[in-house]
Amino acid sequence: MDRTEVIRDDCQILMSGEDGPTQVGIDIMASTASSLEQGYEKIVRWCSHEFRQKGRELHFEVTDTMREAVKRLQKRPELLTEALSFLSQTRQTTLMSSFITALTRGGPSGLPRPIELHAHDPLRYIGDMLAWVHQTVAAERELLENVFQVVNDRRMVGSVRVFDGKEEDWIRELLDLCVEKLCVPLKVRVQQTIRSQESCIVSYKIANLLQFYMLTLRRTIGKDALLSNSLSEIAEIAYSVFYGSLSAQGRGLTRLQVEADDSSLTPPLAILEHVQILREIMSVYQSSLLGEDEIEKVPGFEKILDIMIDPAIEIITETNEDKSRLGMKRDQPIFVLNCLSYIE
């Protein structure tokens, strides 16, 4: 093919004469064009076969011949798309099978252990699945960079990847296709785990974990990738479940009957327990794995405070009014101050 390209370049002399293209030049150009087309077709068939065979292996070696073939096919995008479609389909099946194996059977000889053995521990269960997906995306990215001969840009871990260049466009699109089948089983398992949680603290930890992986993978595969969108939807569901759990906690607090005839001026036990939950949530928020940029922070804490503090103020007010009706007006301000100081 290289020699044919040289012949075509040399033939330009015969095509640019004073009397116009010569018949010999036209014949040579037609013959070499046919030869090049046959060469590209052979490359496509070879690449398609190699992608179907080697793509079945979780980790396969990219040969120099494969890299050169892909490089040449970039001159014919429609042929490259045809060849890469076989690679994406094969990788989808391979990664899906590998994910199910990691969930149910674990690694070789049972190590690491199957992920679903930890289904009783929701935080570890979801964390292990997300960690597996993240590691797989990184490995697929490295594989595709090798196929397209993209030089490692030595990007800092966790920093935003810049998608520029034709090769990057190919890699991003192909990576999205390769991992898209992981979205459904991941989404189903995570949603089932989220909706089964009764503890608002565990729900908040899960939501923050999902937010962290969503932002991390978005930097690697782009915000428009199917996996990024799936993780974004799951994170929204997790926060929705968390806020629903907080609201239920607040409603439960307002339904409690506090003994108004209690002469003690300390905050009631219900307030103490309610505030303790808030403190644990604040501790989770402060120890979040996310960055300090405003864009990357977990959803603001103001909504959490509104949901948690308002019911507490309401029950303090009601208890104070009950004490007033029982003739304990002298102690009312002290009781209220004690409760508010504890909340603060």
Side-chain angles (χ1 to χ4, degrees), residues 43-63 65-67 69-70 73-74 77-117 119 125-126 128-150 167-192 213-214 216-218 220-222 224-234:
I43 292 177
V44 169
R45 288 197 297 270
W46 182 85
C47 280
S48 301
H49 177 268
E50 288 293 300
F51 288 153
R52 280 196 299 264
Q53 297 300 318
K54 291 190 174 182
R56 297 173 183 174
E57 306 171 11
L58 185 58
H59 306 288
F60 71 87
E61 181 182 358
V62 180
T63 62
T65 305
M66 183 179 293
R67 282 191 285 265
V70 171
L73 284 179
Q74 290 186 50
E78 68 282 357
L79 298 180
L80 180 58
T81 300
E82 178 183 345
L84 292 178
S85 65
F86 291 99
L87 177 61
S88 63
Q89 293 171 8
T90 306
R91 296 307 291 171
Q92 283 179 6
T93 304
T94 300
L95 296 180
M96 179 66 174
S97 175
S98 180
F99 185 45
I100 298 301
T101 299
L103 287 170
T104 58
R105 295 172 57 187
S109 303
L111 294 175
R113 302 178 69 188
I115 295 175
E116 291 193 339
L117 284 181
Y125 179 49
I126 294 177
D128 286 351
M129 286 192 291
L130 293 174
W132 190 95
V133 171
H134 179 257
Q135 183 179 3
T136 299
V137 169
E140 286 299 297
R141 170 81 198 187
E142 183 178 353
L143 172 66
L144 295 176
E145 285 180 347
N146 201 359
V147 170
F148 284 91
Q149 304 183 63
V150 174
E167 291 82 3
E168 278 291 343
D169 291 338
W170 284 108
I171 291 174
R172 180 174 54 176
E173 181 179 354
L174 195 57
L175 183 59
D176 188 21
L177 292 172
C178 288
V179 301
E180 69 174 10
K181 279 194 173 181
L182 300 178
C183 297
V184 174
L186 176 66
K187 193 173 182 179
V188 169
R189 285 166 173 79
V190 173
Q191 285 183 354
Q192 288 176 343
Y213 274 102
M214 184 268 289
T216 301
L217 286 171
R218 181 181 289 180
T220 303
I221 60 180
D224 296 326
L226 181 61
L227 181 59
S228 296
N229 292 332
S230 296
L231 288 176
S232 179
E233 293 175 7
I234 299 173

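When all heavy atoms of Gln92 and Glu180 are compared, the pair lying nearest together is NE2-OE2, 3.0 Å. Pairing each heavy atom of Thr63 with each of Lys54, the nearest pair is CG2-NZ, 3.5 Å. In terms of heavy atoms, Ser232 sits closest to Met214 at N-CG, 3.7 Å. Minimum interatomic distance between Tyr125 and Ile115 (heavy atoms only, all atoms of both residues): CD1-O, 3.6 Å. Counting all heavy atoms, side chain and backbone alike, Val70 lies closest to Leu80 at CG1-CD1, 4.1 Å. Scanning both residues, Ala69 and Trp46, for their nearest heavy atoms gives CB-CZ3, 4.1 Å.
For the atom pair CD of Glu57 and OG of Ser98, the computed distance is 13.0 Å after rounding to the nearest 0.5 Å. Distance check, rounded to the nearest 0.5 Å: CD1 of Ile234 to CZ of Arg189 gives 12.0 Å. We find the SG-CD distance between Cys178 and Glu173 to be 10.5 Å, quoted to the nearest 0.5 Å.
Between the side chain of Thr81 and the main chain of Pro77, a donor-acceptor pair closer than 3.5 Å is present. In terms of modelled atom types and a separation under 3.5 Å, the side chain of Ser88 and the main chain of Leu174 share no donor-acceptor contact. Side chain of Ser97 to main chain of Thr93: no donor-acceptor pair is present (N/O by atom type, distance under 3.5 Å, no hydrogens or angles). Here the side chain of Asp176 pairs a donor or acceptor atom with the backbone of Leu226 at under 3.5 angstrom. Side chain of Thr136 to backbone of Trp132: a donor-acceptor contact under 3.5 angstrom is found. No donor-acceptor pair under 3.5 Å is formed between the side chain of Ser48 and the backbone N or O of Glu82. When atom types are taken as modelled, the side chain of Glu167 and the backbone of Gln149 share no donor-acceptor pair closer than 3.5 angstrom. Panel note: side chain Thr94, backbone Thr90; a donor-acceptor pair is recorded below 3.5 Å.
Summarising the local packing, CD of Glu142 is surrounded by 12 or fewer heavy atoms from other residues, nucleotides or ligands at distances under 6.0 Å. Counting non-hydrogen atoms of other residues, nucleotides and ligands closer than 6.0 Å to CZ of Arg113 gives a total of 12 or fewer.
Side-chain contact between Val150 and Leu144: absent, with no pair of heavy atoms (C-beta onward) separated by less than 4.5 Å. Proximity of Gln74 to Phe148: side-chain heavy atoms (C-beta onward) are separated by under 4.5 Å at one or more points. Side-chain atoms of Cys47 and Leu73, non-hydrogen and from C-beta on, do get closer than 4.5 Å to each other.
Applying the salt bridge (Lys or Arg N to Asp or Glu O under 4.0 Å) test to every pair with at least one member in residues 83-106, sequence neighbours left out, gives these pairs: Arg91-Glu140.
Salt-bridge check for Arg141 with Glu145: passed, with a basic side-chain N closer than 4.0 Å to an acidic carboxylate O.
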